[in-house]
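Down below is the structure, laid out as structure tokens.
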Amino acid sequence: MAAVAAGPGPGSGPGDSPEGPEAEAPERRRKAHGMLKLYYGLSEGEAAGRPSGSDPLDPTDLNGAHFDPEVYLDKLRRECPLAQLMDSETDMVRQIRALDSDMQTLVYENYNKFISATDTIRKMKNDFRKMEDEMDRLATNMAVITDFSARISATLQDRHERITKLAGVHALLRKLQFLFELPSRLTKCVELGAYGQAVRYQGRARAVLQQYQHLPSFRAIQDDCQVITARLAQQLRQRFREGGSGAPEQAECVELLLALGEPAEELCEEFLAHARGRLEAELRSLEAELGPSPPAPDVLEFTDRGGSGFVGGLCQVASAYQELFAAQGPAGAEKLAAFARELGGRYFALVERRLAQEQGGGDNSLLVRALDRFHRRLRAPGALLAAAGLAEAATEIVERVARERLGHHLQGLRSAFLGCLTDVRQALAAPRLAGKEGPGLAELLANVASSILSHIKASLAAVHLFTAKEVSFSNKPYFRGEFCSQGVREGLIVGFIRSMCQTAQSFCDSPGEKGGATPPALLLLLSRLCLDYETATISYILTLTDEQFLVQDQSPVTPVSTLCAEARETARRLLTHYVKVQGLVISQMLRKSVETRDWLSTLEPRNVRAVMKRVVEDTTAIDVQVGLLYEEGVRKAQSSDSSKRTFSVYSSSRQQGRYAPSYTPSAPMDTNLLSNIQKLFSERIDVFSPVEFNKVSVLTGIIKISLKTLLECVRLRTFGRFGLQQVQVDCHFLQLYLWRFVADEELVHLLLDEVVASAALRCPDPVPMEPSVVEVICERG
Amino acid sequence: MEDDAPVIYGLEFQIHIIDFDDENNIINKNVLLHQVGEIWHISASPADKGVLATCYNKPSDSKVLTCAAVWRMPKELEPGSHESPDDSSSPAHTLELLCHLDDTAHGSVACVVWEPTGDGRRVISLADSHILLWDLQESSSQAVLAGSASLEGKGQLKFTAGRWSPHHTCTQVATANDTTIRGWDTRSMSQIYCIENAHGQLVRDLDFNPNKQYYLASCGDDCKVKFWDTRNVTEPVKTLEEHSHWVWSVRYNHSHDQLVLTGSSDSRVILSNMVSISSEPFGHLVDDDDLSDQEERRPEEKSQEPPQDSVIATYEEHEDSVYAVDWSSADPWLFASLSYDGRLVINRVPRALKYHILL
């Protein structure tokens, strides 16, 4: 129903009741409301929530405020067809009629109310008239009262003045009496020791006595008082100087003395001097605890005692001073600040000495707690004595200690690393004495890695205490920023990794010259360690650090990649050095064997020389050793059953192609030509080439170095026929066993070919051995 | 004019004299027979172009003994003589023996060094563990032992290389044995300095800086070339690590001592520019007469960075180990290297560097 949509509230007034079932009822009622609203100055739209859109100024709107019948009619007439005109006419008539009846109902309904309103107004008029009369009466009464009151006060005026005078005299007399009694009272007070009371009396009387001192009687009193006061002051001073009593009593004395008008400057000096005495005693006791040889109490206890004794005392002195000598102004404050600065400095010096003793110790938690106490205690006097800068100095000390701690931990890590290395050295050396096979290198590596990692973690945890939330200095800017990024990350962790790399590299830097004291296995192990660091550990440690210390990136830090590159470079250098060292060992063996033998007068070979067997054994041992730590690596694809077949090919081809011409000394150039042509097609061999991180590459490097040495040594000697044959046998033997270790067995062939060819060249009577015989000898050996 | 590079290299029983004509790029070879044996070391007299000394293996049945002798080559073959027969097919000439530097009591001779300046009468030979100073008399036909010294120590000590310093009026000789370099005074034949463990392994060769009297270069089996100041022998002044195998030979350029040549058994020859320790660390000093011409150019030169030590060039023409390198004594920009396979390579210093040094 539209009535609901129009939404009049239940208590919207009597106008609602006659609402009929007609369809236009809401329309009409709205119109009526509109008029009321117009009357009350409400605009139609905002009151009724009417569907907006129709222009309120539209003169053709029947319900609009600006309705103009002429315009409306005009519009109708112009726009509407006849039928609609008729319709609207009947409609209009019907509406008018309905409106009329509505109006009538309204009038009837409200008639009673109009009547009663009229009655009420009339009654009010009556009442007001009565009230007016009473108000008039009240006004006259008030006038009378005023009159009376004025008269009474006039009569009492006289007496009142007299009473006031008498009261004044009375007070004066009492004052006089107090004055006269003053000397005796003061004496009594002084005797009783109630100095405060005495000073108060004296204070009250002083001004009066000052004023009336020209009267003889008053002068006498004043003199008496002065004598007593002087005595009082003296006694107070006495008490003050004795100093046995505590700080609060002293403060009281000073306060009384000030009230007695003693010079503030002097008192201030004396006060500070006394305070100094007490605080110095505290400092002395602290210093005694420090002692030259410390059975000293632990650092926590020390800072506690310092905090409660010295800092507490300083606080008391400062607050008392500020209360007492506030009148002194900035000069006084300056004096106090200087006082605090000086004593504070001495206190700090003591604390630093104590902390320095703690530097060597490992327990960070105790130290941090002690520092926390120390810092916390100093915040109170810090607030009190901002000018003395005690808090800043304390923070500085804490920072310094933190920095030293970092340095200490770095040192600790370094020595832990060196300790690990020593352990490894011992582990490597010991079983060799016992004659056993070496201990598991992999195991040693794991031990070293885990022990270093645990040391790093322990250090991080220890250092982390400095930034714990509950520690009072952890929110200082230093501890939030620089300590984390520069101190812990850069200084401790990055510093340690760098120093580790450096330590490791230092093993490569003095090759051979200062004696190869470093066992090769250690080089290998370190190289693997560095490689592991490069691949995983560094990023792990740094992530750990960043997480724990929430490093804020204001200052530039070393990126992980740089560290990794350094570690990788170290690993590479170590491995290369390992190859060189091991290569050198085998080279020396080969070289001695070539140089010390008389190749001209050697007998026909029956066996492979023992040195060659030793070389193969050592190479195998190295292979095992490297295999413990490094992966196999890639080999050049070769036929799987290499050794024999390739050898026989190599051997026979060599016989025909390679050095057959050298039998005829008349054509030496041919040999050169042939070998040159062959070399044109073979790759140049880089003897000390960089090593890759795998076993094959390492072994290849070592074998290359060894065989090249053999080659060069052979070229320096002259061989007899059997000498050449011995070389042949040896080379075949090496060929049989070494090919499996290298990446490209062609390399071994090439070098060994070269050795035999060189030996043949160095032989005045080159008759090679039958390959079959060589094979038989080698297999037997 | 014809430019002579008297480079001599030994094959078994032969000495070849190679003439290199710089202008026409022609190489001319003469062969001298050396009948007494296989040559291991050769050195020419600085005073007489026709005189040379060799160390050679004396063939014997059971032992190899290395001896030394002084020879004179036939007059017409002396470098610089124009009537050199240009047909290589001409019969080989024979050397004329002047004298033996033999003292069988002292063992095998490793090398013979001539006194760098003077009349070519004083020679030092290194035989096993002895230094022997010879005085050649009566136009080199007679060798008199003038002095000797020997190494004392454990084991078999053997000299591997020696070099006579051109400074101090030729009174100093440096020798190498195993990893040690020693300096000797030829007047008293006593040791004046000793560099223990100069190299990690055997020391192969030595050379004195021709312009700086205390500077010495050495090379060895640890693939390094080291430069020493003989006044302070605890640390090398500089170390080069460019080769990948034993370095057999090191030579300073005779006039521009920043140019250092090394040959190694990695079959490479490396020419290095060691400006920082040369006698001209800041480049060529401009003479006063030149100053007036080059007034405008000076600011540029000043603004130049001081040149850095660097490898100028690596020569890879050799297919096998290079055992000897040397500079031409006639043309400071020419050098030759010799390898195991008998290949002799003659090279020039790069033109750009030459002008850089000269200008």
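Values below: every heavy atom of this structure, side chains too, minus hydrogens, waters and symmetry copies. Numbers restart at 1 for each chain; the letters A, B, ... are given by sequence-line order, proteins then strands.
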Point-to-point distance, once rounded to the nearest 0.5 Å, from CG of B:Asp222 to CG of A:Leu584
9.5 Å
Heavy-atom side-chain proximity of B:His245 to A:Lys704 below 4.5 angstrom
no
Classify the side-chain pair A:Arg715/B:Ser265 by whether it contains a donor and acceptor separated by less than 3.5 Å.
no
Cation-aromatic face contact A:Arg591/B:Trp246, 6.0 Å, 45 degrees:
yes
Counting only non-hydrogen atoms closer than 4.5 Å, does A:Ser758 touch chain B with its backbone (N, CA, C, O), its side chain (CB onward), both, or neither?
both
Mind checking whether A:Lys708 and B:Asp266 have side chains closer than 4.5 Å, heavy atoms only?
no
Can you name the residues that form a side-chain contact (heavy atoms from CB on, under 4.5 Å) with B:Ser43, not counting sequence neighbours?
B:His41, B:Ala53, B:Val112, B:Trp114
Not counting sequence neighbours, which residues clear salt bridge (Lys or Arg N to Asp or Glu O under 4.0 Å) with B:Glu196? List them please.
none
When you compare the side chain of B:Tyr340 with that of A:Leu711, does any pair of heavy atoms fall below 4.5 Å?
no
To the nearest 0.5 Å, how far apart are NZ in A:Lys580 and SG in B:Cys223?
5.5 Å
